[in-house]
Enquirer: 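My structure is below; once you've seen it, I'll send some questions.
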Amino acid sequence: MADDPLVQAAREAQAQAYAPYSRFRVGAALEAEDGRVFTGANVENASYGLGICAERSAVSAAATAGARRFRRIVVVSESDPPATPCGACRQVLAEFGGDLVVEAVGPRGSGRWRLDELLPAAFRGTILDAAARGPAL
């Protein structure tokens, strides 16, 4: 795992996390289908509900750059066992397809799942269906 460039990218993002309230720093690296990598870190806010998780931060960066299909996401935390994406992040990731590989990396271990295993009954939005139908009129 230490030689994996996606793990390294997630660790670099984790170092930039803004977590003054929880001190729970998380980094994520999302690999697009075309090989580009987008990173994100959790950013907390004094109004707790306004914070954003590292995974959704990475998805936002990817979507802003035009990426819509993803291969893998690595989430790095200091928790043992390693932290998997929260339910909200799982649903946001599911918007772009359920075949995504999710890896959680912690100080003493890691885990690997397909997103469909972590969120088996995801609500499927329309973006992938719309893409198959073609441009909107």
Side-chain angles (χ1 to χ4, degrees):
M1 280 254 143
D3 295 339
D4 185 331
L6 215 56
V7 172
Q8 184 58 36
R11 285 199 170 123
E12 290 171 9
Q14 180 189 26
Q16 301 306 315
Y18 178 73
Y21 306 103
S22 71
R23 307 259 188 251
F24 188 70
R25 300 165 67 83
V26 180
L30 181 63
E31 182 182 15
E33 194 172 64
D34 64 8
R36 290 181 292 165
V37 174
F38 302 93
T39 60
N42 59 316
V43 178
E44 296 178 348
N45 188 279
S47 177
Y48 293 143
L50 297 180
I52 187 168
C53 298
E55 300 91 330
R56 283 182 281 150
S57 178
V59 168
S60 293
T64 299
R68 298 292 187 269
R69 301 262 185 201
F70 307 111
R71 291 183 191 150
R72 183 168 68 124
I73 188 166
V74 172
V75 180
V76 173
S77 68
E78 291 302 316
S79 64
D80 189 30
T84 61
C86 72
C89 288
R90 292 174 190 194
Q91 182 59 53
V92 168
L93 290 164
E95 178 75 10
F96 299 95
D99 289 339
L100 178 73
V101 173
V102 177
E103 295 180 44
V105 178
R108 290 182 284 285
S110 64
R112 182 182 178 116
W113 305 265
R114 279 189 43 246
L115 180 60
D116 282 342
E117 293 175 294
L118 294 175
L119 189 64
F123 174 77
R124 297 290 181 205
T126 60
I127 189 169
L128 296 177
D129 293 336
R133 287 191 304 267
L137 298 175

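All values below were derived from every heavy atom in this structure, side-chain atoms included, with hydrogens, water molecules and symmetry-related copies excluded. Positions are given from 1, in the same order as the sequence printed here.
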Enquirer: Test of understanding: with side chain to side chain donor-acceptor pair (under 3.5 Å), list the residues that count as partners of Asp116, not counting sequence neighbours.
Expert: Arg114, Arg124

Enquirer: Name all pairs fulfilling the salt bridge (Lys or Arg N to Asp or Glu O under 4.0 Å) condition that reach into residues 33-48, sequence neighbours left out, sorted by first residue then second.
Expert: Asp34-Arg36

Enquirer: Enumerate the residue pairs fulfilling ring-ring contact (aromatic ring centres under 6.0 Å, His included) with a member in residues 59-93, sequence neighbours excluded, ordered by first and then second residue.
Expert: Phe70-Phe96

Enquirer: Quick one: pull up CG in Leu93 and CG in Leu30 and give me the separation to the nearest 0.5 Å.
Expert: 7.0 Å

Enquirer: May I have the list of side-chain donor-acceptor pairs in residues 74-86 shorter than 3.5 Å, sequence neighbours left out?
Expert:
unit_1 : atom_1 : unit_2 : atom_2 : d
Ser77  : OG     : Ser79  : N      : 3.4
Ser77  : OG     : Ser79  : OG     : 3.0
Ser77  : OG     : Ala83  : N      : 3.4
Ser79  : OG     : Pro81  : O      : 3.1
Ser79  : OG     : Ala83  : N      : 3.1
Asp80  : OD2    : Arg108 : NE     : 3.1
Asp80  : OD2    : Arg108 : NH2    : 3.2
Thr84  : OG1    : Arg90  : NH2    : 2.8

Enquirer: Listed by chain and number, what are the side-chain contact (heavy atoms from CB on, under 4.5 Å) partners of Ala17, not counting sequence neighbours?
Expert: Arg25, Ala41, Asn42

Enquirer: Considering all heavy atoms of both residues, which atom of Ala13 and which atom of Ala28 are nearest to each other, and what is their separation?
Expert: CB-O, 4.1 Å

Enquirer: Any side-chain heavy atom of Val102 sitting closer than 4.5 Å to one from Glu117?
Expert: no

Enquirer: With sequence neighbours left out, what residues match Phe38 under ring pair (Phe, Tyr, Trp, His ring centres under 6.0 Å)?
Expert: none

Enquirer: Any chance you could measure Leu119, atom CG, to Cys89, atom SG, to the nearest 0.5 Å?
Expert: 11.5 Å

Enquirer: Under 3.5 Å, side-chain donor or acceptor atoms of residues 49-61 against the rest of the protein: list the pairs with distances, not counting sequence neighbours.
Expert:
unit_1 : atom_1 : unit_2 : atom_2 : d
Ser60  : OG     : Arg56  : O      : 3.0

Enquirer: Would you list the pairs meeting ring-ring contact (aromatic ring centres under 6.0 Å, His included) in which at least one residue belongs to residues 42-65, sequence neighbours left out?
Expert: Tyr21-Tyr48

Enquirer: Any side-chain donor-acceptor pair under 3.5 Å between Glu12 and Gln8?
Expert: yes

Enquirer: Transitively linked via ILVMFWY side-chain contacts under 4.5 Å: Ile73 with Leu118?
Expert: yes

Enquirer: In terms of hydrophobic clustering (I, L, V, M, F, W, Y; side-chain heavy atoms under 4.5 Å; direct or indirect links), are Val101 and Val26 co-clustered?
Expert: no

Enquirer: Mind listing the closest non-hydrogen atom pair of Leu100 and Arg72 along with its distance?
Expert: CD1-N, 3.3 Å

